[in-house]
Amino acid sequence: MRKVSLETKILGLVLSLSLFLILLLTTTFSYMEGRQIAKDKGQLALELSKTISFMPTVTEAFETDDPAGIIQPIAEKIRRETGAEFIVVGNAEGIRYSHPLASEIGKRMEGGDNSRAIREGEYYVSEAAGSLGLSIRGKSPVFNEDGKIIGIVSVGFLVDDVRAQIFKDLSKEMIVSLVAIMISIIGSYMLARSIRKDTLGLEPFEIANLYKEKNAVLQSVKEGILAIDQNGLITSMNQPAKKLLDIKESVRHLNVDGLFPSKYLFEVLKSGEPQVDKEISWEDKSVIVNCTPIFDSEGVSGVVASFRDRTEIEEMVNTLSEVKMHSEDLRAQTHEFTNKLYVLSGLIQLGEYDEAIDMIQSETSELHSLNRVVFEQIKDTKVQALLLGKIGKASEKKIIFEIDAQSYLEKLPDHIKLSQLTLILGNIIDNALEAVSSMEEPLVKFFATDIGNDMVFEVSDNGKGIPEDAIAHIFDRGFTSKNSGSPSGYGLSNADHVVKELGGIIEVQSEDGNTIFTVYLPKEQ
């Protein structure tokens, strides 16, 4: 279906309303004016008839032998001067003494509307058809000195003349109406052009589609998006922005101050220059902000800011680093076994078969024990892969990495991702390997179980331990104490953050050179 343009809608609506109102007003005014003209003509006719009936010359003429000879000239003179269609003066029997047509004098008056004046002595206005046609008449009785009704005066205006005057006045009103219609057309056209300019030439349905698309894009972007106008009032904000800023209610048309650090936004409003990768602190978060100005014909009309929690970026980087480290651990394990194969090959070439057999049996026994736990008791492939990598890394560093024979773990729930698991266990195991690297008999132990409502992971080492005063700060962001074997600043902080996201907790115990990290993760989120 073809859509009607906004310009056509505005023109059609304004013109329709204008035509309707003009037609309504013209009809109303014409009707009222017609009634008023007819009323005024009737009143004029009545006043003229009264005036003539009170004239002494007229009343005295009734007593003469030739009333018509006296009354006719007077009546005609008054008729010509006042514009009346006729002035008829008659006696009590309705015989005319005056008439615009001399031939009608002496004949009986027509119309049948004289009785009220002649018999009852009333002054009134009537409408009736006479010898000249349908007319509006003013009727007045003529009294003699004794108060007796001796005649009647009838002054009239033809209805056709009254209508002609009404149509004449109506034609003037129609000219005004046409001017009003022309002004309406020009005004509606200018209004449509102005609105079209304000909407950048877009039709309403196109604007609606753009609005829907804008909302869809805003909500699909993971970064927080915030837009303000030139007064600093928020015009839009997506859900990631509300989540990052911990905002629940609508913020549209609220001032950005107090809801978000607005320094860079107002700088962009003032200068029109974008601000890129600016770091700001908001509550307990570090946020990276990019600000871009919005321009219109008058200059900068607003600013769009995109921002993201730096912690998330760092977690992503750390996750990539952990995955890379995991890959390197697997490569180290491959390298370690390659070296052992070279040694076996050398022993066989030298004929040292007994030593080669002993080496194979030793490696087989150790691998069989580890593989039985890793592949038979720990059934989640993500944990298996991580442990295999750490086993290879420990082997390369000559660190004993034991997996408790009592460990048992089913497949992890779907809400626990590989990146989260790598951040948690990868950081804790790496810290343990680092902690024992300087020990004479370095040992790291791993234990896992999913008995109950939680999954439990435990990593222990025989390193130097963590000082008591450092345990309270071990998960603080940026805390580091290399000589104590504690984290390098961000690893355990990121691990703790992910554990809390999953609804779990981390516990730390360190005494007598033995440090144990225990992670509890609920099976259901």
Side-chain angles (χ1 to χ4, degrees), residues 322 325-326 329-330 332-333 336-337 361-413 416 418 420-437 439-466 474 485 487 491-492 495-496 498-499 502 504-523:
E322 287 293 331
M325 189 179 299
H326 181 57
D329 291 344
L330 291 175
Q333 186 180 34
E336 178 73 11
F337 277 98
Q361 289 177 342
S362 175
E363 291 292 331
T364 302
S365 175
E366 183 179 347
L367 287 174
H368 178 73
S369 177
L370 283 174
N371 289 342
R372 181 178 59 81
V373 178
V374 172
F375 293 107
E376 295 181 11
Q377 295 177 213
I378 296 178
K379 300 182 179 180
D380 186 87
T381 55
K382 294 190 289 291
V383 179
Q384 290 174 354
L386 189 143
L387 289 176
L388 288 174
K390 299 307 177 185
I391 289 170
K393 184 175 182 179
S395 176
E396 186 178 24
K397 292 185 175 183
K398 308 303 179 184
I399 297 173
I400 300 173
F401 190 90
E402 292 184 359
I403 300 178
D404 195 303
Q406 301 300 317
S407 295
Y408 185 86
L409 191 68
E410 291 288 346
K411 189 177 184 300
L412 296 183
I416 300 179
L418 175 60
Q420 294 172 318
L421 186 70
T422 302
L423 271 174
I424 298 169
L425 295 183
N427 275 308
I428 294 175
I429 293 174
D430 284 343
N431 287 332
L433 293 176
E434 185 178 358
V436 301
S437 60
M439 306 303 293
E440 292 184 2
E441 296 182 2
L443 174 63
V444 174
K445 295 182 179 180
F446 176 84
F447 171 75
T449 182
D450 59 2
I451 298 174
N453 296 325
D454 295 329
M455 293 165 290
V456 182
F457 300 94
E458 185 177 280
V459 179
S460 63
D461 65 72
N462 64 345
K464 297 179 180 179
I466 303 173
I474 198 168
L492 286 182
D496 181 59
V498 175
V499 169
L502 295 173
I505 59 173
I506 299 180
E507 292 182 350
V508 183
Q509 297 178 2
S510 184
E511 56 183 21
D512 299 331
N514 187 35
T515 302
I516 302 174
F517 282 81
T518 307
V519 179
Y520 299 90
L521 297 177
K523 293 179 181 178

S.K.: Please name the pair of heavy atoms, one in Ala432 and one in Val459, separated by the smallest distance, quoted to 0.1 Å.
M.R.: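 Distance-wise, the nearest heavy atoms are CB-CG1, 3.9 Å.
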S.K.: Which atoms form the tightest heavy-atom contact between Pro442 and Met439, and what is the distance?
M.R.: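 Smallest interatomic distance, heavy atoms only, reads CD-O, 3.4 Å.
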S.K.: So, using salt bridge (Lys or Arg N to Asp or Glu O under 4.0 Å) as the criterion, who are the partners of Lys523 when residues are at least two apart?
M.R.: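 Applying salt bridge (Lys or Arg N to Asp or Glu O under 4.0 Å) to Lys523 gives none.
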S.K.: So, do Asp430 and Lys393 sit near enough that their side-chain heavy atoms are less than 4.5 Å apart?
M.R.: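 Yes - at least one pair of side-chain heavy atoms lies under 4.5 Å apart.
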S.K.: Just to verify, what does Asn462 make a side chain to side chain donor-acceptor pair (under 3.5 Å) with, not counting sequence neighbours?
M.R.: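 For Asn462, no residue satisfies side chain to side chain donor-acceptor pair (under 3.5 Å) once neighbours in sequence are set aside.
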S.K.: Heavy-atom distance under 4.5 Å between the side chains of Leu443 and Val436, does that happen here?
M.R.: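 No. Closest side-chain heavy atoms not under 4.5 Å.
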S.K.: Measure across Ile429 and Leu386 and return the closest heavy-atom pair with its distance rounded to 0.1 Å.
M.R.: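 Taking every non-hydrogen atom into account, CD1-CD2, 3.8 Å.
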S.K.: Say you draw a straight line from OG of Ser460 to CD of Glu402; how long is it, rounded to the nearest 0.5 Å?
M.R.: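 Here the rounded value is 8.5 Å.
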S.K.: Indicate yes or no for a side-chain donor-acceptor contact from Asp496 to the backbone of Leu492 under 3.5 Å, with no hydrogens or angles considered.
M.R.: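 The answer is no, because no donor-acceptor pair under 3.5 Å joins these two groups.
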S.K.: Is it the case that the side chain of Gln384 and the backbone of Ile378 share a donor-acceptor pair, with hydrogens and angles ignored and the cut-off at 3.5 Å?
M.R.: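 It does hold such a pair.
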S.K.: Could you give the distance from CG (Asn514) to NZ (Lys445), rounded to the nearest 0.5 Å?
M.R.: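 The NZ atom of Lys445 is 8.0 Å from CG of Asn514, to the nearest 0.5 Å.
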S.K.: For Asp454, check salt bridge (Lys or Arg N to Asp or Glu O under 4.0 Å) against everything at least two apart and list the hits.
M.R.: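 For Asp454 there are no salt bridge (Lys or Arg N to Asp or Glu O under 4.0 Å) partners, ignoring immediate neighbours.
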S.K.: How long is the span from the OG1 atom in Thr449 to the CE atom in Met455, to the nearest 0.5 Å?
M.R.: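 Thr449 atom OG1 to Met455 atom CE measures 11.0 Å (nearest 0.5 Å).
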S.K.: For Thr515, is there any backbone N or O sitting under 3.5 Å from a side-chain donor or acceptor partner on Ser510?
M.R.: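 Judged by distance alone, no pair lies under 3.5 Å.
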S.K.: Starting from the C-alpha separation in whole Å, work towards a yes-or-no answer on side-chain contact (heavy atoms from CB on, under 4.5 Å) for Asp461 and Asn431.
M.R.: CA-CA 9 Å; Asp461 65 72; Asn431 287 332; over 6 Å; no
S.K.: Excluding sequence neighbours, so at least two apart, what forms side chain to side chain contact (heavy atoms under 4.5 Å, CB included) with Glu511?
M.R.: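 Result, side chain to side chain contact (heavy atoms under 4.5 Å, CB included) vs Glu511: none returned.
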S.K.: In terms of the angle between their ring planes, are Phe401 and Phe446 parallel, tilted or perpendicular, with boundaries placed at 30° and 60°?
M.R.: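 Geometry flag for Phe446 against Phe401: parallel rings.
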S.K.: List for me each residue that meets salt bridge (Lys or Arg N to Asp or Glu O under 4.0 Å) alongside Lys379, sequence neighbours excluded, and say none if there are none.
M.R.: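 Here the qualifying residues are Glu410.
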S.K.: Please identify each residue that fulfils side chain to side chain contact (heavy atoms under 4.5 Å, CB included) with Asp380, with sequence neighbours left out.
M.R.: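 Listed in chain order: Lys382, Val383, Lys411, Leu412.
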S.K.: Could you tell me whether the side chain of Gln377 and the main chain of Ala405 form a donor-acceptor pair under 3.5 Å?
M.R.: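 Yes; at least one donor-acceptor contact below 3.5 Å.
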S.K.: Can you name the nearest heavy-atom pair linking Leu433 to Ala394, along with the distance?
M.R.: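 The pair with the smallest heavy-atom distance is CD2-CB, 4.0 Å.
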S.K.: Counting C-beta onward and ignoring hydrogens, is there a side-chain heavy-atom pair between Ile466 and Phe517 closer than 4.5 Å?
M.R.: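 They are in contact (side-chain heavy atoms under 4.5 Å apart), so the answer is yes.
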S.K.: Going through the checks in order, is the side-chain contact (heavy atoms from CB on, under 4.5 Å) test met by Phe447 and Thr518?
M.R.: CA-CA 9 Å; Phe447 171 75; Thr518 307; over 6 Å; no
S.K.: Quick one: does Glu458's side chain get under 4.5 Å of Ile516's, heavy atoms only?
M.R.: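 The answer is yes, as the side chains (C-beta and beyond) meet within the 4.5 Å cut-off.
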S.K.: Compare every heavy atom of Ala495 with every heavy atom of Leu423, then report the nearest pair and how far apart it is.
M.R.: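 Smallest heavy-atom distance, with atoms named: O-CB, 3.7 Å.
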S.K.: Please tell me if the side chains of Leu521 and Phe457 come closer than 4.5 Å, counting only heavy atoms from C-beta onward.
M.R.: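 Side chain of Leu521 against side chain of Phe457, heavy atoms only: contact under 4.5 Å found.
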